[in-house]
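Data first, discussion second: the structure below is written as structure tokens.
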Amino acid sequence: MGELLGGWKRTGYCAEPTVTDVGKEVTLMGWTNVRRDLGALVFVQLRDRTGVMQVVFDSSSLCKEDFERACTIRSEFVLAVRGTLVKRTGGMVNKTMKTGEVEVVVREFKILSKSETPPIEVDDNCNASELQRLKYRYLDLRRPCMQKNLMLRSQVSTVTRNYFASQGFVEIETPVLTKSTPEGARDYLVPSRVHPGKFYALPQSPQLFKQMLMLSGFDRYFQIARCFRDEDLRADRQPDFTQIDLEMSFVEAEDVLTVNEGYLKTLFKETLNVEIQLPLPRIKWKDAMARYGSDKPDTRFGLELCDLTDVVKNCNFSVFANAIQAGGSVRCINVKGHSADFSRKEIDALGEFVKTYRAKGLAWINMKPDGLQSPIAKFLTDVEITAIQARANLETGDILLIVADTDATTFASLGALRIKLAEKLNLIHANQFNLLWVTEFPLLEWNEEEKRFVAVHHPFTSPMDEDLPLLNTDPGKVRAKAYDIVLNGVEIGGGSIRIHAQELQKKMFDIIGLPDAVAKERFGYLLDAFRYGAPPHGGLAYGLDRVCMLLAGASSIRDVIAFPKVQNASCPLTNAPDSVDDQQLDELHIACTEKES
RNA sequence: GGCCCGGUAGUACAGUUGGUUAGUACGCCAGCCUGUCACGCUGGAGGUCAGGGGUUCGAGUCCCCUCCGGGUCGCCA
């Protein structure tokens with residue numbers, strides 16, 4: 001006991017001592033960040049999670065044996081050093097370092113651990129590929145920016161717990177091994193050993209449990225919950241991710257939004273010291289679509305969409321006419337003042353870009369100083385062109401980009417194009433945080449493949465009271481008491497007021513074509529619970545990873561997750577998923593038909 | 001499942017029209033150096049050009065297949 005460190009204790013972290021501590025004896029422990037060997041003088045930057053401190057090994061003050069030992073120190077060796085904190089003078093001061101005015105003159109030291117040459121450099125300038133970084137994640141996480149990201153994430157969790165606790169929320173854990181609820185994302189399944197042929201599912205969210213907690217009387221609940229979805233990955237999607245999940249009883253949507261606006265204000269203040277003005281702006285779903293072509297608009301820049309449908313509905317250009325005839329629309333973006341910024345080749349590239357969103361093409365009108373240029377001008381009358389110009393406020397120096405298609409395709413392609421244009425034209429300012437509520441989502445969506453309505457959110461979402469009559473006559477028009485919270489064009493959370501009346505819930509299942517028997521089998525326990533006194537309730541869940549990504553200024557949630565997975569859902573560090581012993585499979589009553597050699 | 005981009009030394013990259021012994025930077029190793037801080041100087045080691053097949057007198061380079069990574073569409077109630 002105690003031999004390893006020989007009774008040494010750290011006096012503090014590496015980057016803590018300042019000029020006011022000069023003259024003190026310090027004991028620091030950490031990793032060798034850089035070594036600079038000048039022959040009879042060796043400098044080492046000692047690093048821990050607070051930063052670095054320069055420590056000096058001087059041949060004139062150390063015994064020969066110790067100095068020779070110091071010369072063997074290499075990158076990432078773990079050291080314990082003890083010596084005097086001295087003030088640096090003159091040219092020795094390094095103003096770029098937090099601790100650049102002081103250094104430790106080493107009197108004695110221990111090499112606590114040696115290190116092989118690290119395969120990737122432990123440095124923020126390290127430009128190793130993400131695959132290498134993930135393979136050696138334990139080294140990658142030593143880098144200051146990754147340490148900063150994970151400490152920020154920790155702070156987010158702390159602020160979240162403190163805030164919701166202060167508002168009277170009770171933190172309750174819900175099971176990770178639970179029951180499969182299809183009709184959502186694909187479930188991760190866990191075979192049962194004691195129930196041959198049966199499976200647990202990992203939760204996609206604690207949705208049904210938190211609703212039952214409302215029935216149990218925990219009228220304000222929250223949880224930082226791990227969730228699992230077996231779907232393809234993206235920069236902002238991992239198979240296992242974390243939600244800040246909350247639910248409230250005896251509330252309307254307004255109450256949920258208010259409590260969460262308080263949370264967001266607190267979160268931004270305490271993590272980034274950014275002031276958020278309340279109340280947050282709101283936009284109705286249909287307006288978000290019409291103006292931004294997206295249900296998660298980035299409002300940090302303009303480039304809003306403009307509807308040309310009625311202006312061109314009688315024109316001779318068959319692409320426009322046909323789209324409108326088929327019930328679609330013709331919409332455009334006026335890129336004001338950027339007429340000269342798009343070559344023919346670049347416009348063609350934008351055309352290819354919108355095709356990835358199923359648009360058939362991109363029409364355009366370029367208002368050059370020497371006249372209007374457009375491949376579609378010949379199909380339009382002067383009156384129609386004038387009408388387009390008036391509608392889109394199209395003036396000399398502007399370029400108009402137009403898509404004609406179904407509403408869904410028009411919105412999707414122009415919505416994506418809008419963001420691409422903003423990036424190309426540098427219209428997005430860093431350090432700006434635009435929070436926005438999107439409200440009045442549609443309750444249901446017609447699914448052409450399955451020939452039925454499906455819930456846009458989930459089937460427990462309450463319709464808006466004034467739209468209840470439409471449930472029977474025109475379900476596609478019914479709006480939901482659902483809301484998303486959007487930050488800089490990223491959906492960071494969403495929620496709704498739930499259905500708490502059995503009759504309405506039955507009707508919902510009916511409309512989405514879920515037979516009573518199936519509903520009973522899947523959600524029977526929740527439906528039963530509703531029979532014993534259900535309070536009106538609603539809530540919201542945030543994607544914690546996305547929130548942290550945006551607060552950290554990262555471009556992927558992988559940068560705020562300690563051990564993330566790569567695109568094929570595997571982990572380069574642990575090599576999960578991996579094959580298992582036959583004995584394990586036997587115990588689980590599983591036969592594996594595909595085996596890798 | 002579709003589309004796009006990529007895979008060359010430990011790491012990141014360059015590699016011309018297919019042509020000699022595949023280069024550069026960082027890192028690494030050795031030597032020198034008492035104020036460096038992106039230390040410097042001198043020297044050195046280090047390559048399955050992702051894998052397989054094909055075209056060719058000749059392939060890192062061209063073609064096909066596979067694998068791997070990133071982005072994205074579908075998917076993600």
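Within every chain, numbering begins at 1; the chains are lettered A, B, ... in the order of the sequence lines, protein sequences first and strands thereafter.
- Among the atoms of the strands shown, none is found under 4.0 Å from any heavy atom of A:N125.
- Taking only side-chain nitrogens and oxygens, A:R558 comes nearer than 4.0 Å to OP1 or OP2 of B:rG71.
- Straight-line distance from the OH atom of A:Y136 to the C1' atom of B:rG10: 8 Å, rounded to whole Å.
- Under the Watson-Crick or G-U wobble criterion, with both distances below 3.5 Å, B:rG58 has no partner in any strand shown.
- Distance from the side chain of A:T117 is smallest to B:rC28 among B:rC37, B:rC28, B:rA30.
- Nucleic acid contact class of A:S60 (heavy atoms, under 4.0 Å, all strands): base.
- Taking the charged nitrogens against the carboxylate oxygens, A:K64 and A:E68 do have a contact shorter than 4.0 Å, which makes a salt bridge.
- Here the separation of B:rA59 from B:rC76, taken at their C1' atoms, is 44 Å to the nearest Å.
- A close approach under 4.0 Å does occur between a side-chain nitrogen or oxygen of A:R36 and OP1 or OP2 of B:rC39.
- When all heavy atoms of A:L41 and A:F67 are compared, the closest pair comes out as N-CZ, 3.8 Å.
- Across all strands shown, A:F460 has no heavy atoms under 4.0 Å from either base or sugar-phosphate atoms.
- A:L131 places its CG atom 13 Å from the C1' atom of B:rU11, with the value rounded to the nearest Å.
- With both ends at atom C1', the span from B:rC68 to B:rG52 equals 15 Å, rounded to whole Å.
- Look at B:rA25: its Watson-Crick or wobble partner, with both distances under 3.5 angstrom, is B:rU11.
- In this structure, A:K355 atom NZ and B:rC73 atom P are separated by 18 Å, rounded to whole Å.
- Ranking B:rU11, B:rG69, B:rA38 by closeness to the A:A128 side chain, first place goes to B:rU11.
- At the phosphate of B:rA12, OP1 or OP2 sits under 4.0 Å from a side-chain N or O atom of A:S129.
- Among the protein residues, A:D232 comes within range of the nucleic acid bases, having at least one heavy atom under 4.0 Å from a base atom.
- Distance from the side chain of A:R35 is smallest to B:rC29 among B:rA12, B:rG69, B:rC29.
- Taking the C1' atoms as reference points, B:rG74 lies 23 Å from B:rC67, given to the whole Å.
- Taking side-chain N and O atoms only, A:S75 has a distance below 4.0 Å to OP1 or OP2 of B:rC28.
- A:M97 places a side-chain heavy atom less than 4.5 Å from the side chain of A:V52.
- Distance check on atom C1': B:rU21 versus B:rC32 gives 31 Å, rounded to whole Å.
- Under the Watson-Crick or G-U wobble criterion, with both distances below 3.5 Å, B:rU34 is left unpaired in every strand shown.
- Within 4.0 Å of A:R234, counting heavy atoms only, lies at least one base atom of the nucleic acid.
- Across the interface with RNA chain B, nearest-nucleotide mapping of A:E103 and A:Q132 shows A:Q132 to be the residue nearer the 5′ end.
- At a threshold of 4.5 Å between non-hydrogen side-chain atoms, the residues A:T99 and A:Q54 do not count as touching.
- On a pure distance criterion of 3.5 Å, no polar donor-acceptor pair joins the side chain of A:N568 and the base of B:rG69.
- An OP1 or OP2 oxygen of B:rG70 is reached within less than 4.0 angstrom by a side-chain nitrogen or oxygen of A:Q567.
- Within 6.0 Å of atom NZ in A:K296, 12 or fewer heavy atoms from other residues, nucleotides or ligands are found, so the atom counts as exposed in its surroundings.
- Between A:D407 and A:R331, at least one side-chain N (NZ, or NE/NH1/NH2) sits under 4.0 Å from a carboxylate O, which counts as a salt bridge.
- Side-chain nitrogen and oxygen atoms of A:R237 include none within less than 4.0 Å of the OP1 or OP2 phosphate oxygen of B:rC75.
- When the C1' atom of B:rA38 is taken as reference, atom CG of A:L38 falls 14 Å away, rounded to whole Å.
- Looking at heavy-atom distances under 4.0 Å, A:G91 makes contact with a base.
- At a cut-off of 3.5 angstrom, the base of B:rU36 holds no donor-acceptor pair with the side chain of A:Q45.
- Among the atoms of the strands shown, only primed sugar atoms or phosphate atoms (P, OP1, OP2) are found under 4.0 Å from some heavy atom of A:V456.
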